[in-house]
Protein chains: 2
Amino acid sequence: MRIGEAASASGVSAKMIRHYEAVGLLPAASRRASGYRDYGEAEVHALRFIRRARELGFSLHEIAALLALWGDRARASAEVKRLALAHVEALERKARDLSAMAATLRHLASTCHGDGRPECPILEDLAGEPPKKPNALGNVI
Amino acid sequence: MRIGEAASASGVSAKMIRHYEAVGLLPAASRRASGYRDYGEAEVHALRFIRRARELGFSLHEIAALLALWGDRARASAEVKRLALAHVEALERKARDLSAMAATLRHLASTCHGDGRPECPILEDLAGEPPKKPNALGNVI
DNA sequence: CTTGACCTTCCCATCATGGGAACCCCCATC
DNA sequence: GATGGGGGTTCCCATGATGGGAAGGTCAAG
């Protein structure tokens, strides 16, 4: 199987397959006489493993560890579980951070008239100014 | 004020202040005879604006738009609100994606014994998914 | 005058991914 | 046999936000 076929069979782009090989996530593929990379089912399987792990938000570094455990028959599932739960923690922390940002900003936006007037609590918050009323000239900045 | 003082006064690193200038987010700072950048309160204010917007997850590109609106006395708050709410949508979508990943992985981990035995549903799931191409909604992450 | 803290510019690295150039290979068709 | 097209190959560059660090200039205190 050439790289393009392996790509569509695995859902990983040919570009990324070469990249994974270049960074050592995958062993160097065997080559045909033409120089073309040649893949079999095992390689496609590994690529699907990587794709799935990426979908779950694992970094390539973490995936390297998972691949090693995947290929290690003597592995302890405790190690896999530890990696997975550590990653869950990181994902949940990021999700919480983003949700907090969204909530803050949504609240700010809710206090903004959103009409043609220049007064805008969103910008006032960003600028670090306390909410203030228009001055004598009507300018808020 | 030299760049280091502006940095500690604003909470933005000197490195990033230069970077923001380089990418056009900030106008070129005035220079002393020595070549050192020189900052005043207005610049520190703008830096704090940027830092706060970054804390809320705005990209530098979005911040450029916000800064333009901030400096525009004739702005309509509707435009600011529109930008803010669009950003809230993006943040919430990312948070949802991360939460979904975390939930999937936490569920997988819960089915793993996590002991010395090699059987591991986490690895089995990673290895066993059917091939899937990027869907219409987004990427394969 | 020296020392040390600060500043300058410039290059490189991160992380995962893609774009594109320049060139090679293979197969079908004219 | 020539040609065309759709593979493949390597290599360089870009993204976005941030940091590290080198080589060298500036300034104030001792």
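Chain A is the first sequence line, chain B the second, and so forth, proteins listed ahead of strands; every chain is numbered from 1.
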Would the distance check show the side chain of [X] and the main-chain N or O of [Y] forming a donor-acceptor pair, the cut-off being under 3.5 Å?
X      : Y      : result
B/E62  : B/S59  : yes
A/S110 : A/H107 : yes
B/E89  : B/A86  : no

Find which nucleotide of DNA chain D each of A/Y39 and B/H61 is nearest to by heavy atoms, and output the residue with the more 5' nucleotide.
-> A/Y39
What is the distance, to the nearest angstrom, from the [atom1] atom on [X] to the [atom2] atom on [N]?
X     : N      : atom1 : atom2 : result
A/R54 : C/dG18 : CZ    : P     : 10 Å
B/F58 : D/dA17 : CZ    : P     : 13 Å
B/L25 : D/dT18 : CG    : C1'   : 14 Å
B/I17 : D/dA17 : CD1   : P     : 17 Å
B/I50 : D/dA17 : CD1   : P     : 11 Å
A/M16 : C/dT17 : CE    : C1'   : 5 Å
A/D38 : D/dT9  : CG    : C1'   : 15 Å
A/E5  : D/dG8  : CD    : P     : 7 Å

Got a second to check how far [X]'s [atom1] is from [Y]'s [atom2], nearest 0.5 Å?
X      : Y     : atom1 : atom2 : value
A/L56  : A/L91 : CG    : CG    : 8.5 Å
A/L26  : A/I17 : CG    : CD1   : 8.5 Å
A/I122 : B/E79 : CD1   : CD    : 10.5 Å
A/S8   : A/M1  : OG    : CE    : 9.0 Å

Is the phosphate of [N] approached by [X] (side-chain N or O, under 4.0 Å from OP1 or OP2)?
X     : N      : answer
B/Y20 : D/dA17 : no
B/R37 : C/dC7  : no
A/R31 : C/dC25 : no
A/R32 : C/dC25 : no

Could you check A/S13 against B/G4 and say which one's nearest nucleotide on DNA chain C is further toward the 5' end?
-> B/G4
With a 4.0 Å cut-off, would you call B/E55 and B/R51 a salt bridge?
-> yes
Is the closest basic N to carboxylate O distance between B/R18 and B/E21 below 4.0 Å?
-> no
Counting side-chain heavy atoms from CB outward, which of D/dT9, C/dT8, C/dA16 is closest to A/H19?
-> C/dA16
Go through the steps for A/L123 and B/F49 under the test side chain to side chain contact (heavy atoms under 4.5 Å, CB included), then give the verdict.
-> CA-CA 8 Å; A/L123 291 179; B/F49 183 104; 3.8 Å; yes
Listed pairs, N/O of protein and of nucleotides 11-15 of chain D, under 3.5 Å:
none

Distances under 3.5 Å between nitrogen or oxygen atoms of protein and nucleotides 26-29 of chain D:
{"from": "D/dT26", "atom 1": "O4'", "to": "B/Y36", "atom 2": "OH", "distance (Å)": "3.3"}
{"from": "D/dT26", "atom 1": "O2", "to": "B/Y36", "atom 2": "OH", "distance (Å)": "3.2"}

